[in-house]
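The structure appears right after this line, and notes come after that.
Atoms considered below: every heavy atom in the structure, side chains included; atoms not considered: hydrogens, waters and symmetry mates.
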Amino acid sequence: MLWFGKKKKKREEEARRAAEEARKAEEAKKAEEARKAEEAKKAEEAKKAEEAKKAEEAKKAEEAAEPAVETARVKGKFEIKRTSDGRYMFNVRAGNTQIIASSQIYSSMAACKNGIASVGANAPVAAIEDQTLQTINEEKCPKFQIYFDKAGQYRFNLIASNGQNILSCTQGYRQKGSCKNGINSVMVNANADTEILKED
């Protein structure tokens, strides 16, 4: 009887040890999985940080490559010129001589000057409607509309209070901030002087 008791006790001790070893093995497995998960998390965070860094560097490089838009220090001007078919249009030129935006074509000089006056009246009070956003907050006229062109670059139009498009930017911008600088430049130069260019 004593022998059977010792044998039973031994089996229980072996089972206890086996359970303890299994528990420790399970804990070690979980610890290893947690370590690998933490390493994977850190690697993913490092990857995202590197991607964000590269994206920021690319953004700065693109912004540096954008033509500078003079918005405050030097006053720009409106330039009226005749088109090849004898009609009229005008450009808004910033103080750094860059053409920011151009008008539609007008049948007469008087109508063209009225278009410039319309820019002067509408641009300073125009809201900005960003049509490149997933959810567009539609603004009342007058307004600047920011949109994507066929090349995927940012452009803008100036819509007068009567809903007529009176001004469009002359180039696409790779960065929205540069496009907004162009809008700001139109606002700053909305009441600039007008120069009538001589025909060649």
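M187 and I146 fall within the same hydrophobic cluster, where Ile, Leu, Val, Met, Phe, Trp and Tyr residues are linked whenever their side-chain heavy atoms come under 4.5 Å apart, directly or through other members. Hydrophobic clustering of Ile, Leu, Val, Met, Phe, Trp and Tyr side chains at less than 4.5 Å, counting indirect connections, unites I116 with L167.
Proximity of a side-chain donor or acceptor of N157 to a complementary backbone N or O of I159 within less than 3.5 Å is not detected. Under a 3.5 Å cut-off, the side chain of N184 and the backbone N or O of K180 do not form any donor-acceptor pair. Side chain of S178 to backbone of Y173: no donor-acceptor contact under 3.5 angstrom is found.
Residue pairs meeting the ring pair (Phe, Tyr, Trp, His ring centres under 6.0 Å) criterion with at least one partner in residues 76-129, sequence neighbours excluded, are F78-F90. Counting only residues at least two apart or on different chains, the salt bridge (charged side-chain N to carboxylate O under 4.0 Å, His left out) pairs with a member in residues 185-196 are K77-E195. Pairs engaging residues 91-106 under the salt bridge (charged side-chain N to carboxylate O under 4.0 Å, His left out) rule: E79-R93 [sequence neighbours left out]. Applying the salt bridge (charged side-chain N to carboxylate O under 4.0 Å, His left out) definition to pairs two or more places apart or across chains, those involving residues 155-165 are D149-R155. Judged as a salt bridge (charged side-chain N to carboxylate O under 4.0 Å, His left out), the pairs with a partner in residues 101-129 (not counting sequence neighbours) are, in order, E129-K143.
With sequence neighbours left out, S84 forms a side-chain hydrogen bond (donor to acceptor under 3.5 Å, both in side chains) with no residue at all. When the side-chain contact (heavy atoms from CB on, under 4.5 Å) test is applied to A126, the partners found at least two apart in sequence or on another chain are P142, F144, L158. Every residue meeting the ring pair (Phe, Tyr, Trp, His ring centres under 6.0 Å) condition with Y154, not counting sequence neighbours, appears here in chain and number order: F148. Among residues two or more places apart in sequence or in another chain, the side-chain contact (heavy atoms from CB on, under 4.5 Å) test is passed with K30 by E26. Residues satisfying the ring pair (Phe, Tyr, Trp, His ring centres under 6.0 Å) criterion with Y147, sequence neighbours excluded, are absent altogether. E20 pairs by the salt bridge (charged side-chain N to carboxylate O under 4.0 Å, His left out) definition with R23, not counting sequence neighbours.
To the nearest 0.5 Å, atoms SG (C179) and CZ (F156) are separated by 6.0 Å. Rounding to the nearest 0.5 angstrom, the gap separating the CD atom in E50 from the CD atom in E45 is 14.5 Å. The distance from the CZ atom of R82 to the SG atom of C112 is 11.0 Å, given to the nearest 0.5 Å. Here the NZ atom belonging to K176 is positioned 13.5 Å from the CG atom belonging to N181, to the nearest 0.5 angstrom. Here OG of S108 is found 11.0 Å from CZ of R87. Values are rounded to the nearest 0.5 Å. With rounding to the nearest 0.5 angstrom, the OG atom of S102 is 6.0 Å from the CD1 atom of I99.
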Stepwise, does the side-chain contact (heavy atoms from CB on, under 4.5 Å) test hold for K198 with K81?
CA-CA 7 Å; K198 294 180 180 180; K81 68 175 185 178; over 6 Å; no
Would I183 and I128 satisfy side-chain contact (heavy atoms from CB on, under 4.5 Å), going step by step from the backbone distance to the final call?
CA-CA 9 Å; I183 290 173; I128 296 178; 4.2 Å; yes
Check the pair V119, I166 against side-chain contact (heavy atoms from CB on, under 4.5 Å), reporting the backbone distance first and the verdict last.
CA-CA 7 Å; V119 173; I166 54 174; 4.0 Å; yes
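Scanning both residues, A101 and V186, for their nearest heavy atoms gives CB-CG2, 4.5 Å. Considering all non-hydrogen atoms of both residues, C141 and A160 come closest at CB-O, 3.2 Å. Contact between I136 and L133 at its shortest, heavy atoms only, is CG1-O, 3.7 Å. Between A94 and N189, the shortest heavy-atom contact is CA-ND2, 4.2 Å.
In this structure the side chain of M109 reaches within 4.5 angstrom of the side chain of I196, judged on heavy atoms. Between N122 and S161 there is a side-chain heavy-atom pair separated by less than 4.5 Å. Side-chain contact between Q171 and I100 is absent, with no heavy atoms from C-beta onward closer than 4.5 Å.
Grouped with I105 in one hydrophobic cluster are M89, the linkage being side-chain heavy-atom contacts under 4.5 Å among Ile, Leu, Val, Met, Phe, Trp and Tyr residues.
Heavy-atom neighbours of E138 CD from other residues, nucleotides or ligands within 6.0 Å: at or below the threshold of 12.
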